[in-house]
Each structure stands twice: as structure tokens, then as C-alpha cells.
Amino acid sequence: RAQNGTAGSPLVMLPLDPEVPAYVPPQVEHLLGDLGGVRTDLENHGIYLRLSATAEFAGNVSGGVKQGATSANQVALSADIDWQRLAGITGLSTHVIFVNRSGGNDSHLFGDNVSPVQEIYGAGGGVAVHLVSAYAEEALFGGRVDIALGWMNVENDFASSPLYCNYMNNALCGDPKALPGGDIGHSAFPDAVWAGRVRVRPTADTYIVTGVYEVNQDLYSNADRSGFELGVPRDSGVYVPVQI
């Protein structure tokens, strides 16, 4: 699943097959090709690296506080490792995402800063490297049970849809805007919390997923611009979503 213009790890519908690998990479066309065979060699060993760049340009041509235009930019690097292929550890994979964000938000030109016009503007900006997530995932019983543990957000598995990000406006992209927030607990890209979640597939077409996520009131604030503040000084409880 690519969320907010990132090279994020996709949610893969795994067949119920005991031989299925822990991680199934998406089929994508790469701008730089195979890099002389390096990419194929890495992927044959279970190492999947992706680098993406997103630019969102918007302008206010009439009304508002003033006229003008801005560009919000993001460079994202993700690394997914299939440890079953790399080291023979059945069902294990790890995932990490970093972003660099820069630019501005056109909303200030017309006086509405509640929902930024460019969804990649905001959290994670103003630092060279922002840690989005880092977690391990274990697939069991041929993909019927999937467990994840580490530094991740609720949005990665709950109340999200690729349909939301057909538009770059942050009022639509990501997940329902009534949910995210520090004391609410519904953490979203590009910020994460300590968490664990379990997804069970009774059949290939159904699933039940739940988890326990830290509630960090410093989310989306200047207290943690880098994403590397892994302590829990502003914890106020836990968030337990359930989705069927």
C-alpha cells in the first residue's frame, strides 16, 4: 500500500498456501531500470529497496488572503526484507520507511490551515530524515495469521483505502479526518507509535484484524519532528481498533 505518495509497504492478499513467502513485493516499473542487474540480485536475496519522489503544486488564483502558489515535496526511501528468502527464517519480514519533506502549503494563502491543500505537507517536514515506521512481520499458517510488532501507525491497517489518495487534498487523502489525533490515538502517516497487531484470515476473502497502539499526545507536534523520539514521555493510554 503506497500511502501519501510514499514507497510504503503494500497490504498484500496472500494465498492460503503454506509455501507462500513472508513478503510479496508489488510489481512496479522502475525509473532507473534494473541498475545493471543489482536490483534483480538484491530481490533474489529478498531485499526490496524503493526510492520515490513526489511534488504537489497548488496555486490560489482568486480570493482568499492573497494570491500565489506553493509546492510541497517528498522523497521517500523504503526497505523491505524477506528473511525467509535471505536467511531461511520462515514467514519473517521487516519493513522500514524514511521520508524527507520540504516546501509549503497553499492553504495559508486563502486563510484555511485546517486541512492542507497538499497532503504531503506538514508532519515530518523541516528535517533531513524523518522515520515513518520500522517493524517486523511474521506470516503463519500459510498466510492465515499475520503478526506485526514495532514502530508503526494505526492507519497502515485500519480505516484506510487507496481511494482516499486519488486526490492530493489532505481533507481526503490518508484516512477519515475525524479519527487522527494525538489524544484520540488513531496515528497516521508519517508518524508512528509503539504497537502490535494481529490479522487473521478465516478465508481468502475475509479477515479480522486488531491491535494495541500507544497513544502519544506529541504526534503531529514540534516535539518530534524527526520521528526518532522513540520514548514514551507523553503517553496517555492505548488505542485498540478492531476491523472486519
Side-chain angles (χ1 to χ4, degrees), residues 1-4 6-28 43 46-48 50 78-97 132-165 173-176 178-181 184-216 219 230 232 235-244:
R1 177 180 65 82
Q3 189 69 282
N4 291 1
T6 75
S9 302
L11 178 62
V12 177
M13 294 287 289
L14 295 176
L16 302 181
D17 185 332
E19 301 301 322
V20 72
Y23 176 72
V24 180
Q27 297 300 311
V28 296
E43 293 184 355
I47 301 173
Y48 307 94
R50 288 188 299 279
S78 70
D80 300 286
I81 300 178
D82 180 349
W83 291 94
Q84 179 168 314
R85 180 170 291 185
L86 182 64
I89 305 175
T90 303
L92 179 65
S93 59
T94 55
H95 314 278
V96 62
I97 303 174
V132 175
S133 58
Y135 62 96
E137 185 174 9
E138 177 70 27
L140 303 170
F141 308 112
R144 287 187 181 272
V145 177
D146 189 277
I147 301 170
L149 184 67
W151 188 249
M152 53 191 184
N153 57 56
V154 176
E155 177 205 31
N156 199 50
D157 289 285
F158 298 88
S160 62
S161 168
L163 295 175
Y164 297 154
C165 286
C173 187
D175 51 15
L179 291 176
I184 296 174
H186 192 95
S187 50
F189 189 101
D191 291 317
V193 295
W194 290 112
R197 69 107 178 98
V198 177
R199 183 171 62 244
V200 178
R201 292 193 181 280
T203 71
D205 299 318
T206 61
Y207 71 88
I208 303 170
V209 59
T210 187
V212 178
Y213 295 78
E214 169 199 359
V215 177
N216 183 352
L219 283 184
L230 304 181
V232 290
D235 264 6
S236 62
V238 295
Y239 185 72
V240 184
V242 178
Q243 186 166 292
I244 300 174

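Counting begins at 1 with the first residue of the sequence. Only a predicted model underlies this, so the values are computations on that prediction, with no experimental measurement involved.
Using a distance-only test at 3.5 Å, with no hydrogens or angles considered, a donor-acceptor pair links the side chain of W194 to the main chain of L230. When atom types are taken as modelled, the side chain of E155 and the backbone of F189 share a donor-acceptor pair closer than 3.5 angstrom. Judged purely by atom type and a 3.5 angstrom limit, S187 has no side-chain atom pairing as donor or acceptor with the backbone of A192. A distance-only check finds a donor-acceptor pair linking the side chain of Q84 to the backbone of G91 [under 3.5 Å]. Remark: the backbone N or O of V200 is not paired with any side-chain donor or acceptor of R144 at under 3.5 angstrom.
Listed here is the closest heavy atom pair of V209 and D157: CG1-O, 4.4 Å. Shown here for A195 and Y213, the closest heavy-atom pair between the two residues is CB-CD2, 3.1 Å.
Listed by chain and residue number, Y135, M152, R197 satisfy the side chain to side chain contact (heavy atoms under 4.5 Å, CB included) test with A148 (two or more places apart in sequence, or in another chain). Under the side-chain hydrogen bond (donor to acceptor under 3.5 Å, both in side chains) criterion, Q243 pairs with Y207, sequence neighbours left out.
Residues S133 and N156 form no side-chain contact, since every pair of their non-hydrogen atoms from C-beta on lies 4.5 Å or further apart. For the pair F158/Y239, no side-chain contact is recorded, criterion being any heavy-atom separation below 4.5 Å from C-beta on. E214 places a side-chain heavy atom less than 4.5 Å from the side chain of W151. Looking only at side-chain heavy atoms (C-beta outward), V240 and T210 come within less than 4.5 Å of each other. Counting heavy atoms from C-beta on, the side chains of V145 and I147 come closer than 4.5 Å.
Using a 4.0 Å cut-off between a side-chain N of Lys or Arg and a carboxylate O of Asp or Glu, R50 and D80 qualify as a salt bridge.
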